[in-house]
Amino acid sequence: MEPWAIGAESTIFKTEQWGRPIILKWRPEKPYLLKEIDEQLRRTRTSRECKMLTYARLLGVPTPAVHWTNLASCTIAMDYIEGRQLKLMAGTLSRSLLHELCYRFGQSIALMHRGNVVHGDPTTSNVLIDGKSRLWMVDFGLAEWNATLEMKGVDLHLIHRALETTHWDQQEDMLAGVLEGYMSLLGSDAELAFSRMKSIRERGRYH
Amino acid sequence: MPLICLGLEGTAHSFGAGVVSGEGRVLSNCWDMVSPQEGGIHPREASRHHSDMGPDIIKKALTEAGVAFRDIHLIAFSRGPGLGPCLRATATMARSLALKLGVPLVGVNHCVAHIEIGCLESGFRDPVTVYVSGGNTQVIAFAGNRFRTFGETLDIAIGNMLDVLGRIVGMRFPAGPGIEKEAEKGENYHSLPYSVKGMDVSYSGMLTAARRLYSEGVALSDLCYSVQETAFGMLAEVTERAIAHTKKTEILLTGGVARNKRLGEILTGVANRHGAAFHTVSPPLAGDQGAMIAWTGILQHSAGDKLDVADSHVRPKWRTDEQDITWRASS
């Protein structure tokens, strides 16, 4: 089978099951890494992603449904979402629709944070928009439970970072949309997370 | 006679002077570094070293390049980021030379210079750059009109982590080569905190855990082996994330830690998996040195960039993504 996409840690195949398209997300061995580290990462992330895709949905975040998981081969079969990455769409949308989508991206992150879950890699590559402008979150391999304020702050910091690197010409609008959406659900808790985000940002070099 | 640029680099522990020609030939690249008998670098000692050694290193660079002061058309200096006292000592030499010779002055960003000299050597046009040194751990790529930091360390730099670990186990600064040598003899892997957050990494937890393993009597070779494999594995992962996210097709490894063979091996694997070209900048051009400053100065000068002496204050906290890259076409 030809890969449909090569991700950072996985190879993605698109296939069919019961007449419907599905995605196989396979975490292949990486011979260039130490075997002990590689195996541990592949297994824990596959297991975590499988559980987290379902748990995030329980918290109200749209995610592709998991059909089956094979921990031996580190493969997850999940729904194929007919959509495009927000990363690729952002430059083509009207300002109001982009704001709306970022607002809902912020709300999705807020729903997870309210359930003490962090996504771990909340870039615009991992936000899919389907044909009906519905938003889906994917790629939960770095997600974590029992999230502390620090972990939520890191999550927000990563969004900020992704916007400034990938959407430099729209970053202010997009960040404003995300933060408004986040605040709309979390109220005063959002303020705590925002101020932690700022302090994490300043820990980077040269601030 | 082609354009001749003298570049001065003095952001941290080393001072370098390099002469580069307009068509990108490195005519000389001389440097010297503070090498404390014990402990780390003190900024004041380093800046005194630069002031004391600078003039001789500059003369040596000119002699090796076969040029005289009157042949120089341009002076470039490392304006930041770095240690304030070191930057100021270097800037003072650059300003004096520019005024004395009556030639233009250009202020260069140290991180940008690492990327540009790497591109010159490799012929890469638009790489994802993994810049790893004592002071920096960054994954940088060009987007829009800037070099943007897609990932970086949230606490200490990888080289700093290795140096401090080296100090704990009694190695001299810089400890990277000693750790690499020990790691080659290592056989048993001890689990250490693997901390990747998106495209960012964190090394402080690993340092604490490594210190504890050492105090518990874990063999030095096994400790170094475990630290390298974990620290480099994290770098591999954030590099893969940056490649997958940006869809770029070149990976450039640079900075002092780029000398580590094992790191090069791991990133070669990453490049192969993603069908990307890979280049490790050769040691003379990967560490801090003047040629990279000179070459980047030439690029900036060719784009019309110049700096009045009166405005040439140093920028110790100058971020990579704060400078408009006028000499590259916007993407």
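The model shown is predicted, which means the values in this text are computed figures rather than measured ones. Naming: A, B, ... by sequence-line order, numbering from 1 per chain.
To the nearest 0.5 Å, the span separating NE2 on A/His157 from CG on B/Asp200 amounts to 4.0 Å. Between the CD1 atom in B/Ile156 and the CZ atom in A/Arg203 there is a gap of 13.5 Å [rounded to 0.5 Å]. Here the straight-line distance linking atom NE2 of B/His190 with atom CD of A/Glu36 works out to 10.5 Å at 0.5 Å rounding.
Contacts of A/His119 with chain B are absent, with no heavy-atom separation under 4.5 Å from either backbone or side chain. With a threshold of 4.5 angstrom between heavy atoms, A/Ser125 approaches chain B through its backbone and through its side chain. For a residue to count as touching a neighbouring chain, one of its non-hydrogen atoms must lie under 4.5 Å from one of that chain's; by this rule B/Tyr194 touches chain A with the side chain only. Interface residue B/Ala143: backbone and side-chain heavy atoms are both found under 4.5 Å from chain A. Neither the backbone nor the side chain of B/Ile243 comes within less than 4.5 Å of any heavy atom of chain A. Neither the backbone nor the side chain of B/Val238 comes within less than 4.5 Å of any heavy atom in chain A. B/Arg146 does not touch chain A: none of its heavy atoms, backbone or side chain, sits under 4.5 Å away. When heavy atoms are compared at a cutoff of 4.5 Å, A/Pro28 approaches chain B solely by way of its side chain, counted from C-beta outward.
In this structure the side chain of A/Leu142 reaches within 4.5 angstrom of the side chain of B/Glu237, judged on heavy atoms. The shortest distance between side-chain heavy atoms of B/Arg241 and A/Thr123 does not fall below 4.5 Å. At a threshold of 4.5 Å between non-hydrogen side-chain atoms, the residues B/Arg148 and A/Trp168 count as touching. Residues A/Thr165 and B/Thr149 form no side-chain contact, since every pair of their non-hydrogen atoms from C-beta on lies 4.5 Å or further apart. By the 4.5 Å heavy-atom criterion applied to side chains, A/Tyr32 and B/Thr268 are not counted as neighbours.
Contact tally against chain B (heavy-atom pairs below 4.5 Å) for A/Ile200, A/Asp121, A/Leu33: the top residue is A/Asp121. Per-residue heavy-atom pair counts under 4.5 Å with chain A were compared for B/Ser191, B/Gly144, B/Gly151, and the maximum is reached by B/Gly144.
With hydrogens and angles ignored, the 3.5 Å screen pairs a side-chain donor or acceptor of A/Lys87 with a backbone N or O of B/His245.
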Taking only distance into account, with no hydrogens and no angle test, what donor-acceptor pairs under 3.5 Å do side-chain atoms of residues 4-13 of chain A form with protein atoms, sequence neighbours excluded?
residue, atom, partner, partner atom, Å
A/Glu9, OE1, A/Arg45, NH1, 3.1
A/Glu9, OE2, A/Arg27, NH2, 3.1
A/Thr11, OG1, B/Arg273, NH2, 3.4

- Task: List the steps, then state whether side-chain contact (heavy atoms from CB on, under 4.5 Å) holds for B/Glu240 with A/Lys30.
- Result: CA-CA 12 Å; B/Glu240 295 206 65; A/Lys30 293 184 174 173; 2.8 Å; yes

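The interface of residues 220-235 of chain B with chain A, defined by heavy-atom distances below 4.5 Å, comprises B/Tyr225, B/Glu229, B/Thr230, B/Gly233.
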